[in-house]
Amino acid sequence: MNQKRENLFSKEHGQEYAQVLKLLGNGRLEAQCFDGVKRLCHIRGKLRKKVWINQGDIILIGLRDYQDSKADVIQKIQPRRSPKPEKHTRNFQRVPKSTTPKSMMTMIWMALNSLMTLMERAMRKTTGGLCWTILTTF
C-alpha cells in the first residue's frame, strides 16, 4: 500500500507539478507549472466531483504532446499532514481518588471562602459595604 502511494506521487515522463493560479469554471483552471510555463488545464471527469481543487493547491498534470499550452489534471497532491495538536485543556485541578468526604468538604469550603472574599472586595469598592451586610445576613 505504501509503495503504491509513493508511485502515485512520483512524476513520470510527460508529467509536471503545477500550482493552481485561477479556477476558470467548467472543469478548467490556470496553473503555473514548476518548469516555468503557465498552462490551461482540464480537470478530468474522474476527479471533478470527488477531489476539490482550490486556488493555491499543488497538482500533478499530464502534458500534451501536441499542445504545449494545455494540460490535463491527473491528481491533486495532498500536503503532508502534521501531527494533531494537543487539545487545549484547562488547568483544572483534579481531585485525587484517595480524598475522603471530609477532605472534599474542606476543599469546597476553602473555595467558597475565597469566592466570598473576592465578592466582599468587589462590593466594598462599588457600594461602600451596604450590599455586603445584606448578603451576610442570609
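For the numbers below, each heavy atom of this structure counts, side chains included, while hydrogens, waters and symmetry mates do not.
Among all heavy-atom pairs drawn from R64 and H42, the shortest one is NH2-CB, 4.3 Å. Contact between G56 and Q19 at its shortest, heavy atoms only, is O-NE2, 3.3 Å. Taking each heavy atom of C33 and E16 in turn, the nearest pair found is CB-CG, 4.0 Å. L60 and Q15 get closest at one heavy-atom pair: CD2-OE1, 3.7 Å.
In this structure, CG in D68 is found 5.0 Å from CZ in R39, a value given to the nearest 0.5 Å. The line from CG of L63 to CG of D72 is 9.5 Å long, rounded to the nearest 0.5 Å. Atoms CD and CG, on Q67 and D65 in that order, are 10.5 Å from each other to the nearest 0.5 Å. Distance check, rounded to the nearest 0.5 Å: CD of Q32 to NZ of K38 gives 6.0 Å. Here R48 contributes atom CZ and I53 contributes atom CD1; the two are 10.5 Å apart, rounded to the nearest 0.5 Å. Distance NZ/K50 to CD1/I43: 14.0 Å, rounded to 0.5 Å.
Considering V20, V73, L24 as possible partners of C41, the one that fulfils the side-chain contact (heavy atoms from CB on, under 4.5 Å) test is V73.
Hydrophobic clustering keeps L21 apart from I59 (ILVMFWY residues linked when any side-chain heavy atoms are closer than 4.5 Å, directly or through intermediates). Cluster annotation: L40 and L23 are assigned to distinct hydrophobic clusters (Ile/Leu/Val/Met/Phe/Trp/Tyr, side-chain heavy-atom contacts under 4.5 Å, transitive).
Side chain of K76 to backbone of W52: a donor-acceptor contact under 3.5 angstrom is found.
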